[in-house]
2 protein chains.
Amino acid sequence: METETSEHNECDGAVSLAFTILGKRWNGMIIATLGKGPLCFAELRRAVPGISDAVLSDRLSELAEVTLVTRSVNPGPPIAVSYALTDGGERLVPVLEQLGQWASSSLPSPVKA
Amino acid sequence: METETSEHNECDGAVSLAFTILGKRWNGMIIATLGKGPLCFAELRRAVPGISDAVLSDRLSELAEVTLVTRSVNPGPPIAVSYALTDGGERLVPVLEQLGQWASSSLPSPVKA
DNA sequence: AATAGTAACTAATAAAAACAAAGTGACTAG
DNA sequence: CTAGTCACTTTGTTTTTATTAGTTACTATT
């Protein structure tokens with residue numbers, strides 16, 4: 001009747017939780033990019049090369065839903081929507097920087113075709 | 001002929017490189033799990049709940065290819081294949097731990113259905 | 001010895017996610 | 001009036017992931 005605590009593994013729940021967000025393509029990049037300051041949709045798309053409108057839109061909704069980014073509409077006339085990190089999002093930025101350092105030092109060059 | 005340095009953004013290449021690996025589902029979890037010590041295929045599958053044989057096999061090949069894990073075959077008779085982190089993989093472990101801490105403190109609970 | 005069970009995979013197929021391209025509605029510049 | 005930007009949404013097509021079912025080599029059981 002061992003409740004599964006005796007043997008050993010059961011992968012870290014917190015890390016697993018982190019990867020529900022970061023294990024999806026683009027999320028890490030979006031947060032890292034917003035770490036340099038708020039940006040609006042088009043700027044963000046340009047800053048994250050390769051992402052498409054549809055996916056960016058989708059990711060931003062998700063990130064807003066888990067309260068890592070905020071969406072603020074400035075109803076101009078030239079309407080502008082600005083995306084920024086929340087506190088929680090900001091707290092991730094330094095970790096992402098370490099991730100970047102790790103990648104530079106431990107990953108082989110950008111596996112090109 | 002501006003080489004794209006004038007305006008501003010262009011998301012961090014190193015972070016982007018990190019996410020070529022970590023932005024794929026399971027990779028982070030696999031590395032975090034191996035961070036607690038080497039495991040063989042079946043143990044790993046049990047330790048990472050939800051992953052399937054096919055995907056685990058695939059991920060392990062990828063991770064071996066970028067030299068983050070090693071695969072060593074012990075030709076028993078009871079043949080056993082053991083997977084372990086390389087130096088590069090080990091260097092990621094502390095960062096993953098921070099990621100876990102961040103998740104616990106900044107992410108809403110496991111969005112259940 | 002035949003039957004069933006585990007380990008470590010591979011193969012085939014189904015389902016989900018990502019991508020590319022175009023379209024929408026509001027507005028500005030020429 | 002035409003063309004272009006912004007912020008998206010919609011519609012396919014392609015890639016990735018996931019699920020299911022083998023396969024080969026052994027071990028444990030009966």
Side-chain angles (χ1 to χ4, degrees), chain A residues 4 7-9 11 16 19-31 33-34 37-66 69-84 110-113, chain B residues 7-9 11 16 19-31 33-34 37-66 69-84 111-113:
Chain A
E4 192 58 53
E7 272 271 283
H8 50 127
N9 21 37
C11 67
S16 163
F19 278 102
T20 58
I21 303 297
L22 295 175
K24 305 188 70 171
R25 214 160 167 181
W26 302 117
N27 275 341
M29 289 312 305
I30 292 170
I31 295 172
T33 303
L34 287 177
L39 293 173
C40 57
F41 194 89
E43 292 171 319
L44 208 37
R45 181 187 34 199
R46 282 189 288 265
V48 182
I51 200 171
S52 70
D53 283 25
V55 175
L56 178 54
S57 180
D58 200 59
R59 288 298 112 93
L60 286 170
S61 304
E62 284 178 20
L63 292 174
E65 202 142 321
V66 295
V69 316
T70 53
R71 179 176 184 274
S72 13
V73 184
N74 178 325
I79 181 177
V81 182
S82 179
Y83 294 90
V111 190
K112 50 191 52 181
Chain B
E7 271 271 285
H8 53 128
N9 21 36
C11 68
S16 164
F19 278 102
T20 57
I21 303 297
L22 297 175
K24 304 188 74 171
R25 209 160 172 183
W26 305 115
N27 275 341
M29 289 312 305
I30 292 171
I31 294 172
T33 302
L34 288 178
L39 293 174
C40 59
F41 194 87
E43 292 171 318
L44 209 36
R45 181 189 34 202
R46 282 189 288 266
V48 182
I51 199 170
S52 69
D53 283 26
V55 174
L56 177 55
S57 179
D58 200 58
R59 287 299 114 92
L60 287 170
S61 304
E62 284 179 20
L63 292 175
E65 202 143 322
V66 294
V69 317
T70 54
R71 179 178 185 273
S72 14
V73 184
N74 178 324
I79 180 177
V81 181
S82 178
Y83 293 91
V111 189
K112 51 191 49 178

Item to check | Criterion side-chain contact (heavy atoms from CB on, under 4.5 Å) on A:Asp53 and A:Phe41, from CA distance to verdict | outcome: CA-CA 9 Å; A:Asp53 283 25; A:Phe41 194 89; 4.3 Å; yes
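Close to D:dA7, at under 4.0 Å from its OP1 or OP2, lies no side-chain N or O of A:Arg46. At the phosphate of D:dA7, neither OP1 nor OP2 sits under 4.0 Å from any side-chain N or O atom of A:Ser57.
Atom CG of A:Leu39 is separated from atom C1' of D:dC6 by 14 Å (rounded to the nearest Å). Put simply, CD on B:Glu43 is 15 Å from P on C:dT6, counting in whole angstrom units. For the pair A:Leu56 CG and D:dC6 C1', the interatomic distance rounds to 13 Å; values are reported in whole Å. For the pair A:Ile30 CD1 and C:dA18 P, the interatomic distance rounds to 10 Å; values are reported in whole Å. Atoms OH (A:Tyr83) and P (D:dC6) sit 14 Å apart, rounded to a whole Å. Taking atom CG of A:Asn74 as the reference point, atom P of D:dC6 lies 15 Å away to the nearest angstrom. To the nearest angstrom, P of C:dC19 lies 14 Å from CZ of A:Arg45.
The two residues A:Cys40 and A:Val81 have their closest heavy-atom pair at CB-O, 2.7 Å.
Here A:Glu62 pairs with A:Lys24, A:Arg59 under the salt bridge (charged side-chain N to carboxylate O under 4.0 Å, His left out) rule; sequence neighbours left out. In this view, B:Arg25 satisfies the salt bridge (charged side-chain N to carboxylate O under 4.0 Å, His left out) rule with no residue, not counting sequence neighbours.
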Item to check | Footprint string (nucleotides 12-23 of chain D, 5' to 3'): B base within contact, S backbone only, - free, heavy atoms under 4.0 Å | outcome: -----SBB----
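The only member of B:Ile51, B:Leu34, B:Val48 that meets side-chain contact (heavy atoms from CB on, under 4.5 Å) when paired with B:Met29 is B:Val48.
Residues A:Leu44 and A:Leu60 meet the side-chain proximity criterion, which asks for heavy atoms closer than 4.5 Å.
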